[in-house]
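Worksheet: the structure to be examined is printed underneath.
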Protein chains: 2
Amino acid sequence: MTTLADKGNLVQRPPTMKEVAALANVSIKTVSRVINEEPGVSPELSERVLQAIRQLGYHHNTTASNLRRADQRTATIGLLLDDVANPFSSALHRAIEDVANQHDTLVFTGSSDFEADREERMALTLMSRRVDGLIVMPVSQSHIGLQQFKQLDRPIVFVDRPANLYDADSVLADNRVGASVAVRHMAAYGHRRIAFLGDLHTLWTAAERHLGYIEGLALTGLQLDPALVRHDLHSINLVEQATIELFTAPNPPSALFAGQNLITIGVIRALQRLGLQQQVALVGFDDFPLADLLMPRVSVVAQDPALLGKTAAERLFARLDGERSPGERIVIPTQLLIRGSGEITPSAFT
Amino acid sequence: MTTLADKGNLVQRPPTMKEVAALANVSIKTVSRVINEEPGVSPELSERVLQAIRQLGYHHNTTASNLRRADQRTATIGLLLDDVANPFSSALHRAIEDVANQHDTLVFTGSSDFEADREERMALTLMSRRVDGLIVMPVSQSHIGLQQFKQLDRPIVFVDRPANLYDADSVLADNRVGASVAVRHMAAYGHRRIAFLGDLHTLWTAAERHLGYIEGLALTGLQLDPALVRHDLHSINLVEQATIELFTAPNPPSALFAGQNLITIGVIRALQRLGLQQQVALVGFDDFPLADLLMPRVSVVAQDPALLGKTAAERLFARLDGERSPGERIVIPTQLLIRGSGEITPSAFT
DNA sequence: TGGTATTTTGACAACGTTGTCAGATGTTGA
DNA sequence: TCAACATCTGACAACGTTGTCAAAATACCA
């Protein structure tokens, strides 16, 4: 025969309102009133209840409370990120946590690892937990799980990348303009052969930055050379390899636009290996810690992940507070940070 | 008159088992059995139920289920970190998430910002949510909130820093040995004046690394000079200022031990400002991204946050599975990564 | 003093689910 | 054909809380 304890179950039940009520010699409802600070409890009873609460070490059971409450709220939201350990994601996370805290809401966070079915699974799990809303960096195109969530009329806010879901808010960085500015910046320093190194072309941000690159070239009257465009560089090895290939091929670029911070880092690694870091211009998309300590200091198009996160969270809570306007795209501007690597002139390179 | 919708409540209730049961023309209990894959439901009924579930878009309500279940589990754990956006914390977070996923458990994460009362508040909130267990980077010394949690016989595992709570597991890096190794390493390169720059002395890790520094000096027969020891450098400005002071004072150090990664970065910034980065030896505690791309490349004592997190999470789930042995201290070794900055000789400096 | 208005309190059902147990149905063997 | 048994199924209570509403206690007024 096995007992509960044998199975490793939590056998010691926390005290309940019932026990508090018994000790204070009042009804459960009175205890409930005291805890929820509802008016109309005499100071005398209230004190007796509080005393009993202290004595028993009672703690309110939020889940049971939420189950009964009429508004169907759980005071939790879900957050689906690429990877909680990625600096961009974790900066978002922090900003969202801060807003959620102000709304007495807890955050369930998960990493999708860019896998649509992980995203899907997480979304369904969170739906089972009845989270009040969702903030998502979307991976999948179909959003099957998310659609089901939407059907319950619960808000979803997309962040960093938009979704095909009609009528959902998205909070995005201005990827296209940012990329275009980066290209034009290097063109202004005299570069005519500017390469593009991008992430998985299926990612919306990668595609937008590529479009910005093309726009930037067009605006400065430069020719687009397909040999200078590399997509799908989703691992550091692929980045290094692509960079080296660019410089061993005939007619190499004199400037590089790196479409994402991990790509920027891979490029720097490769340039150091090639000994070219002082001769090739480089602007990366998305800032990263220590970019200003490298030699040369790395110029980047900076996003503002904290602002993206804060905006997304505020949007979500506005929806939860009843805001019913149609879904919007909110675009947060980017900023070119001039530090040195983007201002290297072509003359440095031969 | 205001309706529910006006108040922004989630008015559309998700379908319940009751509705599924009605549609499939069976009892609620049968629906429950199908969902929980309990044996003894005829294939025919089972199919009818599944059909109804699909038709209504039913999703199991985990919270209601957990409330009723006998084992008192919510399949959630709480995670209290310094700051989810800090790379060390977020690496821990990711490793813990992965283990939790394997146990079909969701993680509530919060940032304490090194404030004891934030930690306290978070702990109480998580207790209200009836999380099954807690993983904590502790801030406070008293652990009032955590103690109450422990009283419910729910496991807590401390990570990175131990707690005064008797009988709780801690998973720690070998701070003292790591620091000692760093000091001895630089001493072996001929340094006799090695400075210590540390974090808030109230933090256990900072204190341990300081002890390791002292031990390292003692083991190499070097004199401890209090003028070379700086504590409480909890902001980048304080670090830069302290570094500059060290080098403007008479008899400056020829080598630096930085007790934490943000401190290391501040030191590098200051050394660059002073133009001393190639002349002063530096070993930092805790690795950071790009340490190997700076010039000189930065030697560090690396911790393994992913392993710390994984170990802590596995410990927690072992407890939840009924493991009843006394609380343990598990120490994860550190590793000296030789990259260049720690191998600069005193001769470079005059 | 009696009657009404007001405040305070508690009994009970309900939230959505699962545990318990008894009843219904079907199967087997003599 | 009937008892004995195994298999399926459902009624009901329970988990810990809050919403509803009526009862009890108190205050107020003529």
Side-chain angles (χ1 to χ4, degrees), chain A residues 4 7 9-49 52-53 56-75 127-130 152, chain B residues 4 7 9-49 52-53 56-75 127-130 152:
Chain A
L4 278 173
K7 289 193 235 143
N9 291 322
L10 303 169
V11 67
Q12 184 183 331
R13 300 197 159 231
T16 67
M17 279 193 179
K18 203 166 147 186
E19 300 168 50
V20 173
L23 183 61
N25 201 22
V26 295
S27 75
I28 299 181
K29 180 69 214 196
T30 298
V31 178
S32 170
R33 274 192 267 257
V34 171
I35 284 166
N36 293 292
E37 294 178 319
E38 285 174 35
V41 179
S42 69
E44 183 197 6
L45 273 201
S46 183
E47 185 44 51
R48 230 159 72 208
V49 170
I53 287 175
L56 290 175
Y58 171 82
H59 287 277
H60 193 214
N61 183 332
T62 311
T63 22
S65 170
N66 287 331
L67 178 61
R68 183 58 180 93
R69 291 194 118 97
D71 61 5
Q72 284 286 301
R73 292 281 194 95
T74 55
M127 183 145 53
S128 271
R129 301 284 179 164
R130 299 291 191 268
L152 293 180
Chain B
L4 278 174
K7 288 194 233 138
N9 291 323
L10 303 169
V11 67
Q12 185 182 331
R13 299 195 159 233
T16 67
M17 279 194 178
K18 202 165 148 187
E19 299 168 49
V20 173
L23 183 60
N25 202 21
V26 295
S27 75
I28 299 182
K29 181 69 215 198
T30 298
V31 178
S32 170
R33 274 193 266 257
V34 171
I35 284 166
N36 292 295
E37 294 178 322
E38 285 174 35
V41 180
S42 68
E44 184 198 5
L45 272 201
S46 181
E47 185 44 50
R48 230 161 72 207
V49 169
I53 286 174
L56 290 175
Y58 170 82
H59 288 277
H60 193 214
N61 184 334
T62 310
T63 24
S65 171
N66 287 331
L67 178 61
R68 183 59 179 92
R69 291 195 119 98
D71 62 5
Q72 284 286 303
R73 292 280 194 96
T74 56
M127 182 144 53
S128 270
R129 301 284 180 166
R130 298 291 191 269
L152 294 179

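Every chain is numbered from 1 and lettered A, B, ... according to where its sequence line falls, protein lines coming before strand lines. The structure displayed is predicted, hence computed values, not measured ones.
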Less than 4.5 Å apart, side chain to side chain, heavy atoms only: is that true for B/Leu152 and A/Pro15?
yes
side-chain hydrogen bond (donor to acceptor under 3.5 Å, both in side chains), that's the test. Do A/Thr62 and A/Ser65 meet it? Break it down for me.
CA-CA 5 Å; A/Thr62 311; A/Ser65 170; over 6 Å; no
The contact string for nucleotides 10-18 of chain C, one letter per nucleotide 5' to 3', using protein heavy atoms under 4.0 Å with B, S and - for base, sugar-phosphate only and none, comes out as BB-BBBBBB
Any idea which heavy atoms bring A/Arg129 and B/Thr74 closest together, and the distance?
NH1-O, 2.7 Å
B/Arg48 side chain vs B/Ala24 backbone, donor-acceptor pair below 3.5 Å
yes
Starting at atom CD of A/Glu44, determine the distance to atom C1' of D/dT26, rounded to an integer number of angstrom.
13 Å
Heavy-atom side-chain proximity of A/Ile35 to A/Met17 below 4.5 angstrom:
yes
